[in-house]
There are 2 protein chains.
Amino acid sequence: MDEVFKALADASRRSLLDRLHARNGQTLNQLCEGLAMTRQAVTKHLAILEEANLVTTIRHGREKLHYLNPVPIHQIGERWIKKFERGKLAALGELKRQLEKRDE
Amino acid sequence: MDEVFKALADASRRSLLDRLHARNGQTLNQLCEGLAMTRQAVTKHLAILEEANLVTTIRHGREKLHYLNPVPIHQIGERWIKKFERGKLAALGELKRQLEKRDE
DNA sequence: ATAATAGGCAACCAAATGGTTGCATGTCAA
DNA sequence: TTGACATGCAACCATTTGGTTGCCTATTAT
């Protein structure tokens, strides 16, 4: 879980996921196109995404195809974000109450 | 958006949010209790959470009360996670297809 | 066979991160 | 009013991070 959050913390990595979401199964060089980064930097980002299980790769000859795995993202939504949606109104209500109380 | 992801990337900060979710409106010292960190470290974490608008504070005399703001978390869910839930099955389907193709 | 292509590995670097200690300030209570 | 309490500020430190360059290996196409 921590690895997923850490992986998502970087804008470059999120944009790599976006690219894979737009077109799945791209090679390293395809993913590098148009980015202001060296290939090696992208390799490192992809390694972190793979470590977090957000990306799966398949070697195909000399090419390495990268596939998005949306499951960990979904889990963040289910196990983490939903927890804070319950009681969202309650929290804001309490905050409002305190803000008003401030002026007493 | 980036600030929110960055803020959520640290386990200590997520646990601070958890604590506020359990009991909203705590002081700095209350939030420090039981943590293996100095007060100043917690202060820094709270500053980052505040910067990301995940926590709002209200001064009350010499105390500073911290309140959870669940809105940015909700936005991550709406604007980011949901995007990857659509097409989740499609992505996995394509992955499966490739995995099978590998053995040809 | 050999050149071009796709990717991997390792060393290095600057800046950001997460933490510390020490001291200062503001507020409350006796 | 003075001591205790709650928080703030700043300097410092080690490690991690995000990036680079240079070179190596494996596969494909001519």
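Letters go in sequence order (proteins before strands), and every chain restarts at 1. Keep in mind that this is a model prediction, so the values were computed, not measured.
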Q) What heavy-atom pair brings A:Ala7 and A:Leu49 nearest, and what distance separates the two atoms? A) CB-CD2, 4.1 Å
Atom [atom1] of [X] to atom [atom2] of [N]: distance rounded to whole Å?
X: B:Asp10; N: D:dT17; atom1: CG; atom2: P; value: 11 Å
X: A:Ile48; N: D:dT16; atom1: CD1; atom2: C1'; value: 10 Å
X: A:Leu46; N: D:dG19; atom1: CG; atom2: C1'; value: 15 Å
X: B:Gln30; N: D:dC5; atom1: CD; atom2: P; value: 15 Å
X: B:His45; N: C:dT20; atom1: NE2; atom2: C1'; value: 12 Å
X: A:His60; N: D:dA26; atom1: NE2; atom2: C1'; value: 16 Å
X: A:Arg59; N: C:dT5; atom1: CZ; atom2: P; value: 18 Å
X: B:Leu65; N: D:dA6; atom1: CG; atom2: P; value: 12 Å

Q | Plane angle bin for A:His21 and B:Phe84 - parallel if under 30°, tilted between 30 and 60°, otherwise perpendicular | A |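 Tilted.
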Q.
Let's see if you can work this out: which of C:dG18, C:dT20, D:dT20 has an atom nearest to the side-chain heavy atoms of A:Lys44?
A.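 The listed nucleotide nearest to A:Lys44's side chain is D:dT20.
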Compare all side-chain heavy atoms of [X] with those of [Y] and state whether any distance is below 4.5 angstrom.
X: B:Met1; Y: B:Ile76; value: yes
X: B:Thr27; Y: B:His60; value: no
X: A:Asp18; Y: B:Lys83; value: yes
X: B:Thr57; Y: B:Leu65; value: no

Q) Could a donor-acceptor pair under 3.5 angstrom be found where the side chain of A:Arg62 meets the base of C:dT5? A) yes
Q) Of A:Glu63 and A:Arg13, whose closest DNA chain D nucleotide lies nearer the 5' terminus? A) A:Arg13
(Q) With nearest nucleotide decided by heavy atoms, which residue, A:Val42 or A:Gly61, maps closer to the 5′ end of DNA chain D? (A)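 Nearest nucleotide further toward 5': that of A:Val42.
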Q) Mapping A:Lys6 and A:Leu28 onto DNA chain C by nearest heavy atom, which one lands closer to the 5' end? A)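 That would be A:Leu28.
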Q | CA sep, side-chain torsions, deciding dist, call: A:Thr38, A:Thr43, side-chain contact (heavy atoms from CB on, under 4.5 Å) | A | CA-CA 9 Å; A:Thr38 57; A:Thr43 302; over 6 Å; no
Q: Ignoring backbone atoms, establish whether B:Asn29 has a side-chain N or O less than 4.0 Å from OP1 or OP2 of D:dC5.
A: no
Q.
Counting only heavy atoms and a strict 4.0 angstrom limit, can you tell me which residues of residues 31-40 of chain B come near DNA chain C?
A.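 Listed by number, they are B:Met37, B:Thr38, B:Gln40.
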